[in-house]
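The block underneath contains the structure these notes are about, expressed in C-alpha cells.
Proteins get letters first, then strands, A, B, ... in listed order; numbering begins at 1 in each.
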Amino acid sequence: MMGNKVDSGFFLMDVLEVAPRLLGKIITIRDDEDIVKRYRISEVEAYRGEEDKACHASKGRTERNDVMYLEGGHVYVYLIYGMYWMLNIVTGKTGNPQAVLIRGVEGYGGPGKLTRIMNIDRSFYGEDLNTSKRIWIEEGEKLKYVQTPRINIDYAGEFWKNKPWRYIVTT
DNA sequence: TCATTGATTTCA
DNA sequence: GAAATCAATGAT
C-alpha cells in the first residue's frame with residue numbers, strides 16, 4: 001500500500017514543530033534492487049540553529065554541516081565515532097541551520113542501527129526528500145509522545161543539554 | 001565502564 | 001601537519 005508523501009511545506013516549519021510531528025510518519029527507502037521498505041519513526045531529537053551549542057552548526061557553516069543551511073527537506077548524513085552513520089532531516093528556511101536526528105523507528109532503536117538496516121551512508125548526504133527517488137517521507141498516524149533531554153551532548157553545557165528536545169513515542 | 005574507529009575540526 | 005573530538009554501540 002502506497003502512502004502519501006508529506007507536503008514540502010512541512011519541512012519549512014521550525015524544528016521544534018517538525019520534530020514531534022515526524023513521530024508516526026514513515027521513512028521510505030527504495031534500494032538498489034528497486035525494493036521499497038518503510039519504517040515508522042518512533043524517536044527523534046531536534047537541533048536548532050547556531051545558538052544551540054549541541055547543534056553541529058554552533059560554530060558556523062562548514063563543509064560537513066553545509067546542507068543544514070539549505071531549505072528544510074534535505075537529508076543530512078554524517079559519520080560519528082568512525083563507525084556509525086547518523087540520519088537527519090533538515091528543517092526550517094534557507095540559512096537557518098536546523099535538523100532532526102532520527103534516533104529510532106518501530107522495531108529498531110538507536111540511530112546507528114537504523115542506518116545500517118536501511119543501508120544509509122554518505123551517498124544520501126544532500127538528498128531532497130521532496131524529489132529523491134530513493135528516500136522520502138510518507139504521512140502516518142499521530143502518536144502520543146514524551147519529551148526528555150537529548151543524549152550524549154555533554155559538550156554543549158547545562159543550558160542546552162537540559163532542553164527537552166528528544167521526542168519518544170509512548171506505547 | 002571501556003574499546004572501537006576514522007572523518008572532521010581544531011590547534012599549532 | 002598533528003592532535004583532539006565525536007547526535008554511538010556492544011561487550012565486559
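- Atom pair A:Leu79:CG and B:dT8:P shows a separation of 8 Å (rounding to whole Å applied).
- Taking atom P on both B:dC11 and C:dA7, the two are 16 Å apart, rounded to the nearest angstrom.
- No hydrogens or angles considered: nothing links the side chains of A:Glu138 and A:Asn4 as a donor-acceptor pair under 3.5 Å.
- C:dA7 shows a glycosidic angle within 90° of 0 and is accordingly assigned syn.
- The separation between A:Met86 atom CE and B:dG6 atom P is 15 Å, rounded to whole Å.
- Taking 4.0 angstrom as the limit, A:Asn152 places a side-chain polar atom (N or O) nearer than this to OP1 or OP2 of C:dA8.
- A cation-pi contact, defined as under 6.0 Å to the ring centre and within 45° of the axis, links A:Arg150 to A:Tyr47.
- At a cut-off of 3.5 angstrom, counting only N and O atoms as typed in the model, there is no donor on one side facing an acceptor on the other between the side-chain of A:Tyr78 and the base of B:dA7.
- The side chain of A:Arg103 contributes an N or O atom lying less than 4.0 Å from OP1 or OP2 of C:dA8.
- In this entry the distance linking NZ of A:Lys59 with P of B:dT8 reads 16 Å, nearest Å.
- You'll find the side chain of A:Glu71 reaches within 4.5 Å of the side chain of A:Leu12, heavy atoms only.
- Within the structure, every side-chain polar atom (N or O) of A:Arg64 is placed at least 4.0 Å from both OP1 and OP2 of B:dA7.
- Considering all non-hydrogen atoms of both residues, A:Ile29 and A:Met118 come closest at CG2-O, 4.1 Å.
- Place A:Tyr81 and A:Arg122 on DNA chain B by their nearest nucleotides, and A:Tyr81 ends up nearer the 5' end.
- In this structure, A:Ile135 is a member of the same hydrophobic cluster as A:Ile41, with clusters built from ILVMFWY side-chain heavy atoms closer than 4.5 Å.
- In this structure, A:Tyr155 atom OH and C:dA8 atom P are separated by 8 Å, rounded to whole Å.
- For A:Lys113, the side-chain atoms get nearest to C:dT9 when compared with the rest of C:dA7, C:dT9, C:dA8.
- Note: A:Tyr78 and A:His56 meet the aromatic proximity criterion, with ring centroids under 6.0 Å apart.
- By the 6.0 Å contact criterion, OH on A:Tyr69 is enclosed, its count of non-hydrogen atoms from other residues, nucleotides or ligands being greater than 12.
- As rounded to whole Å, 12 Å separates atom P of B:dG6 from atom OH of A:Tyr84.
- Here the C1' atom of nucleotide C:dA8 and the CG atom of A:Asn88 are 13 Å apart, to the nearest Å.
- Pairing analysis of DNA chain C (Watson-Crick: purine N1 to pyrimidine N3 plus N6-O4 or O6-N4; G-U wobble: N1-O2 and O6-N3; both under 3.5 Å) yields stems of 3 or more pairs at B:1-4 with C:8-11, B:6-11 with C:1-6.
- For the pair A:Met83 CE and B:dT4 C1', the interatomic distance rounds to 4 Å; values are reported in whole Å.
- If you measure from atom CD1 of A:Ile80 to atom C1' of B:dT4, you get 13 Å, rounded to the nearest angstrom.
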